[in-house]
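Comments concern the structure below.
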Number of protein chains: 2
Amino acid sequence: MASTPTPSGINRRGLLTTAATLPLLFAPALPFLQPARAQTDPLPSWNDGPSKQAITGFVARVTQQGGPDFVAPAERIATFDNDGTLWVEHPMYTQLAFILDRVKVLAPLHPEWASTQPFKAVLEGDIKTLVAAGERGLMELGMATHAGMSTAEFEKIVTDWISTARHPRFKRLYTELSYLPMIELLAYLRANRFKTFIVSGGGVEFMRPWTERVYGVPPEQVVGSSIKTKFQIHDGKPELFRLPEINFVDDGPGKPVGINEYIGRRPIAAFGNSDGDLEMLQWTTMNGGARLGMIVHHTDAEREYAYDRDTDFGRLDKALDAAALNKWVVIDMKNDWKRIFAFEGK
Amino acid sequence: MASTPTPSGINRRGLLTTAATLPLLFAPALPFLQPARAQTDPLPSWNDGPSKQAITGFVARVTQQGGPDFVAPAERIATFDNDGTLWVEHPMYTQLAFILDRVKVLAPLHPEWASTQPFKAVLEGDIKTLVAAGERGLMELGMATHAGMSTAEFEKIVTDWISTARHPRFKRLYTELSYLPMIELLAYLRANRFKTFIVSGGGVEFMRPWTERVYGVPPEQVVGSSIKTKFQIHDGKPELFRLPEINFVDDGPGKPVGINEYIGRRPIAAFGNSDGDLEMLQWTTMNGGARLGMIVHHTDAEREYAYDRDTDFGRLDKALDAAALNKWVVIDMKNDWKRIFAFEGK
């Protein structure tokens, strides 16, 4: 299935970033969504079934003026995890693929890496050693590739990479590996006056350069992990310089903290796929009133991947147990999604 | 002029907060703005002059489709300082008045405060000792009054206080001491498809409970200083507990850092009134293209206050010197503003 090896023993703390200060110019529309909007069915890539019904039923309830579950538009906050919820996260988080590529690109400037771990392992494709380096090793790789430049420079690096790097199995751009049903869902919620946010363990500046184009989510509605930055005047121009120091880890219990800190409102709907989303789902749904919690369950090894409790990327264990208890809706990718990717034939 | 004493030697680091997780329900409209919008002049409280012309000229340029300075709506980000820019900050920051009031309210629960500085000084109105306690003392007061409860509890405390506490000189609610010309400016920019943000050294959770009602700025567009919070399940319900630990200081060089971290786009217009806004103004305007930087200069001792280089709250010194160099527009409150507060007669 996946030819790229899968490091284990690695968690999100090592996969931080920050980037994109300079704005996206003239965010392009999402042309492939137009037909969907024009149709009667706003969720054409979803098969009829309990998942689709849960979505449309929830939206009907909270938007029914005068109804018992009505929620004012300003309060219609929906938060989405990114990796594994909006796009593919196997055989490894996309940001980790970016890190490994960057180490290779930067290696000529760092001859010492040829004999220094964990860089040596990356350069030699020695995954066993890389995995043994664990979180600390990954953090070193992350800082070496994500810090030491301005936010504008990092944005350009991300933009260039994301427009050329290809997924090892699908041979597509990573942005093409976003899930069409979820993009329809984002648009459907916005059409019903929801404000959609990304709340991801990934680096916020790794996401902001492309989330508006791909998901219709502007930079100011992306919450993620970050490293610290420092303001300085460089050659007469102000810049923000990226420092090799963790600022915020937006994962697990960090997600409700980040939601409160960066958004300042409590969501009424939340979407995730792994244990890293457990607390976000709790925070969103255990608050009385009509609430929607959904979990994308990766059940389709043929069209995408199948994994849950036993995987290094996107482990879904505690949150799957909690779903039944909390009436979160578990999306069965294989049966609930008619199409997974926009590039698939209809 | 002001009967309340003014502590000195105190900076913003001590005046932190965080609050308001629970949403503002049904944000009320800003009814007093409707007449202004309906009139031909969108800025009726501004006298004709260079400041008003700078605003309308800038907006005309960046909104002129096909013009050389056109900026797409998504990029029309405007950031506003709060204390001294949108509302009164003398004789002391409003949040400091809140802290002093809270110490008095909480004192019966803390008999030890009667003999412990800096609490003793607050309780005895001994401003000299309070000032001598400096930043560290203020930090202690801030933590004692802002941490140790859930975000929901803190939001209620702020909401109750802001709806009853009155300014020592004007005998008005603090929210009534917001500047009408600036509220018109916020609305005018939004009418021209700007997205308006507050970027304040004040505590973000001290502001979020009321900014939508007073300024039309929703919680998710408020950036401020914060303390850390911790997610926990308490009596079967998730909560965010406020910890006595600084998370982020949104002042001075922290403002561009905060803008990048919380908004992720670079503003094209910024409004401040003190040296704490210097770097925000640099970051906004020193970037090519049509940009607007404005400084509210407190020049009206009769209707409000007159101060700049020599004051403990809102010192305007370096930023005033930088204004000429950078072509920032200095608003002369006395001459540029026809009315300062909504409660004044027309």
Side-chain angles (χ1 to χ4, degrees), chain A residues 18-27 71-72 74-75 77 151-152 195 197 204-205 207-208 211-212 218-224 226 228-233 236-240 247-248 252-257 259-266 268 279-280 282-288, chain B residues 18-27 71-72 74-75 77 151-152 195 197 204-205 207-209 211-212 218-223 226 228-233 236-240 247-248 252-257 259-266 268 279-280 282-288:
Chain A
T18 357
T21 268
L22 289 180
L24 288 168
L25 294 169
F26 301 79
V71 176
E75 300 298 333
I77 303 292
T151 52
K195 206 162 180 176
F197 288 83
V204 67
E205 302 217 46
M207 298 183 283
R208 280 177 170 159
T211 55
E212 182 146 33
E220 64 269 27
Q221 286 162 226
V222 180
V223 178
S226 56
K228 289 198 185 295
T229 65
K230 181 184 191 292
F231 178 83
Q232 59 190 26
I233 306 279
K237 292 226 163 194
E239 69 173 23
L240 291 165
N247 179 58
F248 179 61
K255 288 202 176 191
V257 168
I259 288 169
N260 181 62
E261 181 178 342
Y262 291 84
I263 306 175
R265 297 199 204 248
R266 196 156 169 174
I268 64 167
E279 289 86 354
M280 174 171 77
Q282 290 175 326
W283 178 242
T284 300
T285 63
M286 295 167 67
N287 186 31
Chain B
T18 357
T21 269
L22 289 179
L24 288 169
L25 294 169
F26 299 80
V71 176
E75 300 298 333
I77 303 293
T151 51
K195 206 163 180 176
F197 289 82
V204 67
E205 302 218 45
M207 298 183 283
R208 280 177 171 159
T211 54
E212 181 147 32
E220 64 270 27
Q221 286 163 225
V222 180
V223 178
S226 56
K228 290 197 185 295
T229 65
K230 181 185 190 296
F231 178 83
Q232 59 190 26
I233 306 279
K237 292 225 163 196
E239 70 174 24
L240 291 166
N247 181 57
F248 178 61
K255 287 202 175 190
V257 168
I259 287 169
N260 181 60
E261 181 178 342
Y262 291 82
I263 305 174
R265 296 198 206 249
R266 195 156 171 176
I268 63 166
E279 289 86 353
M280 174 171 76
Q282 291 175 327
W283 179 241
T284 300
T285 62
M286 294 166 68
N287 186 29

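Contact annotation for B/Gln232: neither backbone nor side-chain heavy atoms come within less than 4.5 Å of a heavy atom of chain A. Only the side chain of B/Ile233 comes within contact range of chain A, with at least one heavy atom under 4.5 Å from a heavy atom of that chain.
For the set A/Gly252, A/Gly236, A/Pro238, the entry with the most heavy-atom pairs within less than 4.5 Å of chain B is A/Pro238. Contact count against chain B (heavy-atom pairs under 4.5 Å) is highest for A/Val257 among A/Val257, A/Val223, A/Ile77.
Contact between B/Pro256 and A/Phe231 at its shortest, heavy atoms only, is CG-CD1, 3.3 Å.
In this structure, the ring of B/Tyr262 has its center less than 6.0 angstrom from the ring center of B/Phe248.
Residues passing the side chain to side chain donor-acceptor pair (under 3.5 Å) test with B/Glu220 are A/Lys195, A/Arg265, sequence neighbours excluded. Not a single side-chain contact (heavy atoms from CB on, under 4.5 Å) links B/Lys237 to another residue, sequence neighbours left out.
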